[in-house]
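Some notes on the structure that comes next.
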Amino acid sequence: MELKVTTLEGKAAGSVQLSDAIFGLEPRQDIIARCVQWQLNKRQAGTHKTQGRADVWRTGKKMYKQKGTGGARHGSARVPQFRGGGRAFGPVVRSHATDLPKKVRVLALKHALSAKAKDGGLIVIDNAQIKDAKTKALVGHFSGLGLTNALIIDGAELHHGFATAARNIPNIDVLPIQGINVYDILRRQKLVLTKAALDALEARFK
């Protein structure tokens with residue numbers, strides 16, 4: 001698959017040949033969905049917790065005698081039936097992470113990249129660098145390219161001025177190649193890759 005390369009100013013900068021093994025697959029929604037669910041499960045903090053009957057500080061003495069009251073038979077005041085008692089089956093601190101084989105994660109990333117290429121949401125630029133770290137100037141470049149909702153992937157190291165200027169722009173994410181993931185690719189309309197990112201992807205999946 002051949003794709004035209006452009007600059008931030010919107011000028012033509014040649015073309016690049018994309019690997020069919022990475023960008024030419026027929027997207028499978030089931031594999032992509034499994035990876036997205038794995039990511040969302042892994043990012044949950046799992047720090048929610050309520051007090052059970054063992055955590056509530058109240059007396060454990062029997063409230064009243066067993067028989068002769070004409071009411072229900074109660075014991076400890078810590079039980080969930082009473083105001084101030086512990087909560088029954090409340091959330092506890094735990095990990096929400098699930099397992100997903102590495103081969104499936106790699107395959108899901110390829111299918112997500114292929115989906116963007118198939119839908120026309122893939123743009124290749126020569127580099128992600130800007131002389132002046134000004135958000136206003138970068139917004140002008142993005143407007144010329146038609147980028148209002150995009151994920152930009154650069155090489156191993158981000159250009160400091162570009163990353164600084166882009167962090168205040170809504171719906172624009174900038175990540176190094178190490179941070180590329182299925183969820184962020186899908187949540188943005190456009191995927192912008194630099195030449196350095198393409199080279200790193202081909203080396204990673206080679």
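Along the sequence shown, residues are numbered consecutively beginning with 1. Note that the structure is predicted; figures quoted are calculated from it, not measured.
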Side chain to side chain donor-acceptor pair (under 3.5 Å) contacts in which one or both residues fall within [range], not counting sequence neighbours:
range            : result
residues 34-43   : Q37-N41, Q39-N181, N41-T98
residues 122-143 : none
residues 9-23    : E2-S15, T7-E9

Which pairs count as salt bridge (charged side-chain N to carboxylate O under 4.0 Å, His left out) when at least one residue sits in [range], sequence neighbours excluded?
range            : answer
residues 104-120 : E26-K118
residues 144-168 : none
residues 47-69   : K49-D55
residues 179-191 : D173-R187, D173-R188, D184-R187

> Can you name the side chain to side chain contact (heavy atoms under 4.5 Å, CB included) partners of L145, sequence neighbours left out?
Replying inline: T6, L8, L147
> Who passes side chain to side chain contact (heavy atoms under 4.5 Å, CB included) against A108, sequence neighbours left out?
Replying inline: I31, C35, V182
What pair of heavy atoms forms the shortest contact from [X] to [Y], and how long is it?
X    : Y    : value
P176 : A156 : CB-O, 3.8 Å
V174 : A166 : CG2-CB, 3.7 Å
A133 : A165 : C-CB, 4.0 Å
A117 : M1   : CB-SD, 4.1 Å
A137 : I130 : CB-CD1, 4.3 Å
A115 : P27  : CA-CG, 3.6 Å

Spacing of [atom1] belonging to [X] relative to [atom2] belonging to [Y], to within rounding of 0.5 Å:
X    : Y    : atom1 : atom2 : value
L198 : I125 : CG    : CD1   : 10.5 Å
L175 : I153 : CG    : CD1   : 4.5 Å
T148 : Q189 : OG1   : CD    : 5.5 Å
L138 : I169 : CG    : CD1   : 4.5 Å
T194 : I123 : OG1   : CD1   : 13.0 Å
R73  : Y64  : CZ    : OH    : 10.5 Å

Same hydrophobic cluster for [X] and [Y], using side-chain heavy-atom links shorter than 4.5 Å among ILVMFWY?
X    : Y    : result
V124 : I22  : yes
L186 : V104 : no
F23  : L107 : no
I172 : V192 : yes
I180 : L40  : yes

> Can you find a heavy atom in the side chain of L113 that is under 4.5 Å from one in the side chain of L122?
Replying inline: no
> Which pairs with one or both residues in residues 156-179 pass ring pair (Phe, Tyr, Trp, His ring centres under 6.0 Å), sequence neighbours excluded?
Replying inline: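 Residue pairs with at least one partner in residues 156-179: there are none.
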>> Is it the case that atom CD in Q29 sees more than 12 heavy atoms from other parts of the structure closer than 6.0 Å?
In response: no
Cut-off 3.5 Å, no hydrogens considered: what does the side-chain donor-acceptor table look like for residues 87-95, sequence neighbours left out?
from	atom 1	to	atom 2	distance (Å)
R94	NH2	H96	ND1	3.3
S95	OG	A97	N	3.3

> Can you list the residues that meet the side chain to side chain donor-acceptor pair (under 3.5 Å) rule with R28, with sequence neighbours excluded?
Replying inline: D30
